[in-house]
Amino acid sequence: MRLPLLSGETNLKTHHCGALTTDQINLKVKLAGWVGRRRDHGGLIFIDLRDRSGLIQLVFDQRNGEKLFALAESLRSEYVVAVEGDLVRRSAENINPSLPTGEIEVHVTKMEVLNRSKTPPFYIEDDLTVDENLRLRYRYLDLRRPEMFNRLKLRHRAVKLVRDYLDSYDFLEVETPMLTRSTPEGARDFLVPSRVRPGSFYALPQSPQLFKQLLMVGGVERYFQIVRCFRDEDLRADRQPEFTQIDIETSFFGSENLFAILEGLMALLWKEILGVDLKLPFLRMPYREAMNRFGSDKPDLRFAMELIDIERLAARSNFKVFNAALSDGGSVKGLCVPGGSSLSRKDLDDLTLLSRQLGAKGLAWTFIEDKGWRSPIAKFFSAEVMDEITEAMGAVPGDVLLFVADRWEICCQVLGYLRRHLAPQGLAKDPHFLWIIDFPLFHYNEEEKRFDSDHHPFTAPRGEDLVFLDSDPLAVRAQAYDLVLDGVEIGGGSTRIHDPETQGRIFKLLGFSEEESHNKFGFLLEALSFGAPPHGGLALGLDRIVALLVGDDSIRQVIPFPKTAAAACLMTGAPAVVDEKQLNELKIMLKVDEGDEEE
RNA sequence: GGAGCUGUGGUGUAGUCGGUUAACAUAUCGGCCUGUCAAGCCGAAGACCGCGGGUUCGAGUCCCGUCAGCUCCGCCA
């Protein structure tokens, strides 16, 4: 690959190292990059010169000049050099078949050391096993590794595909504010103090939700944005305090069109980046079914192990735990672990403990053997019922059955967790996309003793469920949907409320007073009253999608400068104490004891 | 807020039942070496075992606390 902009006499590079091929043989080339491995044979030195494209072998021969050779001897790892030389074909016995540039090498005639380097704290090469602490502290060195550069590149390609694809459907990329106002509900906001109005704060957006709706009222019709979002909550492997969404909103579009557009986008990404053809359309599954069958609103469909309802059979037992759950209006559900006989008694105790921590009162279990059940609870069941349960759960000798009897939500949640926990190892990458639909509009918040939006307060209820809005809010289904891939929620969206009257009713149900609604969402209610079009959209988690495309478990791998689990940046030291002067300007006084502060 | 795992030369690891000199590889530095590509050979230097306290005649090892990283629960409209 020739670099047209870099071919002038004054430039350091005419080619990229890894892009050189036999086509350039006999050319004079100028290269620049980092010194990788150095193989010093005394009178002959080989250097792997690395740039973002890959590496090529440089050769220095003592017989071709002492001065240049002495300079080559002084090179160390990660020195930055510019060289000039002849690209030559290696003799047959010197070809390295494991290197893309293994048939060629550069006989250097001129070299300048552009910069020296301290000995790096870890090797700049792929497949390294080094403490993540170090990688994050020296992230710029970590990024020099080809593996990491390829992640950046793949992310760039994905984003470009998204932009071009949405552009081809007349979506317009529009920017929205980063300094906005804090809204109730949802995640904890990151706050930014106002200097001009002391005591007041901006919030960084958790998502551009309201702005994109206002863009619909503003007549944009098809909007998207690759946008940073901020949530001040505890981190996970797939959660960072700042992350990137592919944010989409449409007017006059309808959710069917939206599904089709999104499925097309996923198909494009998987085809262009992984060469995989996705089967369209994606499966759709109601929330209730996902919970009943898989105990999760983001089920991993790469393996079976479905939860089985055994309420009717449980009712025929003398097991008090089952009977009590049922008479309280709860459920009894089971999970069959194929080959579970390898679980030890301690494993089962651990699973029981885990179930308790997840909210269940306990975990019942039985081994399935040729003769039937081997279980502490076998005595509460007739032989007939035991056989019928075994059959209902599709169990064969060698399996273990796990049961939870509790409120329906607890049964689903706990067994769903155990299902994931006990999933077969080494599941192949096999994209099982699905839409989860028919989410409830609300859930009950035990702590606050009120209803919370399951999605967000701007989600439209399903028209036919509107009649329950006052009588039985929990029965109202939302026009909301999540996009799920192999157990990961990669996006979610909804049709929005577009009339101020319905929006007002929802705010009221959520426990906002008239004044509070007016105060915090007055601008939205007002906007809706000026001819808001029917609209809806969704947001995709870009980091998660890229991580899945790359095959990483953690989104830190695809974020160039991520935060640790304690939300710190090990490279810059953020967050950090600020100067007294800065606080004074903001009229902020810290409540922290002096002794607690660093510095 | 809670639970679990990890922390030993620059890096990756070993270190038994608590026992005296903390081992190995690699990187680093020096020497030899003209076809290596994880170059090779010879030599040198490099650790108060995350930090603090305790038990003990004696602690890398046991106990308590603490810090950092990771994973999970809570949390994440």
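In what follows, every chain begins at residue 1, and chains take the letters A, B, ... in the order their sequences are listed.
Summarising the base pairing, B:G58 is matched to no nucleotide, lacking a Watson-Crick or G-U wobble pair whose two defining distances lie under 3.5 Å. Using the Watson-Crick or G-U wobble rule with both distances under 3.5 Å, B:A23 pairs with B:U13. The partner of B:C75 cannot be assigned: no Watson-Crick or G-U wobble pair with both contacts below 3.5 Å exists in any strand. Base pairing analysis places B:C32 opposite B:G40; the two distances defining the Watson-Crick or G-U wobble pair are each below 3.5 Å. Across the strands present, B:G7 finds its partner in B:C67; the criterion is a Watson-Crick or G-U wobble pair with both atom distances under 3.5 angstrom.
Rounded to the nearest Å, the gap between the P atom of B:G53 and that of B:A59 is 13 Å. Nucleotides B:U61 and B:A14 have their C1' atoms positioned 13 Å apart, rounded to a whole Å. Spacing of C1' atoms, B:G18 relative to B:C42, comes out at 39 Å, to the nearest Å. Of the P atoms belonging to B:C5 and B:A44, the separation is 42 Å, rounded to the nearest Å. With C1' as the reference atom, B:G9 and B:A23 are 12 Å apart, rounded to whole Å. B:G60 and B:G43: their P atoms are spaced 31 Å apart (whole Å). For the P atom pair drawn from B:U8 and B:G40, the interatomic distance equals 26 Å after rounding to whole Å. Between B:U6 and B:U66, the two C1' atoms lie 16 Å apart (nearest whole Å).
Rounded to whole Å, atom P of B:C32 lies 11 Å from atom CD of A:Gln62. Going from atom CD1 of A:Ile47 over to atom P of B:U34 covers 17 Å, rounded to whole Å.
Taking a cutoff of 4.0 Å between a charged side-chain nitrogen and a carboxylate oxygen, A:Glu125 and A:Arg145 do not qualify as a salt bridge. Ion pairing between a basic and an acidic side chain is recognised when a charged N comes within 4.0 Å of a carboxylate O; A:Lys346 and A:Asp349 show no such pairing. Using a cut-off of 4.0 Å between Lys/Arg side-chain N and Asp/Glu carboxylate O, A:Glu242 and A:Lys563 are scored as salt-bridged. Between A:Arg231 and A:Asp189, no side-chain nitrogen of the basic residue sits less than 4.0 Å from a carboxylate oxygen of the acidic one, so the salt-bridge criterion is not met.
Residue contacts for A:Gln209: at a heavy-atom cut-off of 4.0 Å it reaches a base atom on one of the strands shown. When heavy atoms are screened at a 4.0 angstrom cut-off, A:Asp454 is found touching the sugar-phosphate backbone but no base atom. Base contact: A:Phe46 has a heavy atom under 4.0 Å from a base atom. Looking at heavy-atom distances under 4.0 Å, A:Thr459 makes no contact with the nucleic acid at all.
For B:U71, the base has no donor-acceptor partner in the side chain of A:Arg236 [N/O atoms by modelled type, under 3.5 angstrom]. Judged by atom type and distance alone, A:Arg37 does not reach the base of B:U36 through any side-chain donor-acceptor pair under 3.5 Å. A donor-acceptor contact under 3.5 Å is not formed by the side chain of A:Asp131 with the base of B:G12. For a distance-only test at 3.5 Å, the side chain of A:Arg90 qualifies as a donor-acceptor partner of the base of B:C37. Judged by distance alone with a 3.5 Å cut-off, no donor-acceptor contact links the side chain of A:Arg231 to the base of B:C76.
Nearest nucleotide to the A:Asp234 side chain, out of B:C70, B:G35, B:G1: B:G1. The A:Arg239 side chain lies nearest to B:G74 when the options are B:U36, B:G74, B:G69. Set against B:G69, B:C72, B:U34, the side chain of A:Ala237 has B:C72 as its closest nucleotide. With B:G69, B:C76, B:C37 as the choices, the nucleotide that has an atom nearest any side-chain atom of A:Ala187 turns out to be B:C76. With B:G69, B:U28, B:G35 as the choices, the nucleotide that has an atom nearest any side-chain atom of A:Glu105 turns out to be B:G35. Nearest to the side chain of A:Leu134, among B:U11, B:A38, B:C76, sits B:U11. Of the listed nucleotides (B:U11, B:G35, B:C37), B:U11 has the atom at the smallest distance from the side chain of A:Tyr123. Taking the side chain of A:Gln57 as heavy atoms from C-beta on, and the options B:G35, B:C75, B:A27, the nearest nucleotide is B:G35. When distances run from any side-chain atom of A:Pro121 to the nucleotides B:G12, B:G10, B:U34, the shortest one goes to B:G10. Taking the side chain of A:Asp61 as heavy atoms from C-beta on, and the options B:G74, B:G35, B:U34, the nearest nucleotide is B:U34.
Residue-to-nucleotide proximity on RNA chain B shows that, of A:Gly42 and A:Leu235, the 5′-proximal contact is made by A:Gly42. If A:Gly186 and A:Gln357 are placed on RNA chain B by their nearest nucleotide, the residue sitting closer to the 5' end is A:Gln357.
At B:G12, none of the side-chain N or O atoms of A:Thr129 fall inside 4.0 Å of OP1 or OP2 (strictly under the cut-off). Of the side-chain N and O atoms in A:Arg38, none sit less than 4.0 angstrom from OP1 or OP2 of B:U36. One finds a side-chain N or O of A:Arg39 lying less than 4.0 angstrom from the OP1 or OP2 phosphate oxygen of B:A39. OP1 and OP2 of B:C70 both lie 4.0 Å or more from every side-chain N or O belonging to A:Gln557. Contact between the side-chain N/O atoms of A:Arg556 and the OP1/OP2 oxygens of B:U71 is found at a separation under 4.0 Å. Residue A:Arg76 has a polar side-chain atom (N or O) positioned under 4.0 Å from OP1 or OP2 of B:C29.
The two residues A:Pro575 and A:Ala568 have their closest heavy-atom pair at CD-CA, 4.0 Å.
Stacking here means ring centres nearer than 5.5 Å and ring planes tilted less than 30 degrees, and by that measure A:His41 does not stack onto B:G35.
Aromatic ring orientation, A:Phe451 versus A:Tyr444: perpendicular (interplanar angle above 60°, classes split at 30° and 60°).
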**OP:** Check the pair A:Gln479 / A:Ser255 against side-chain hydrogen bond (donor to acceptor under 3.5 Å, both in side chains), numbers first and verdict last.
**Re:** CA-CA 9 Å; A:Gln479 299 188 51; A:Ser255 45; 5.6 Å; no
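Not one N or O on the side chain of A:Gln213 forms a donor-acceptor pair closer than 3.5 Å with the backbone of A:Arg496.
In this structure the side chain of A:Phe521 reaches within 4.5 angstrom of the side chain of A:Thr183, judged on heavy atoms.
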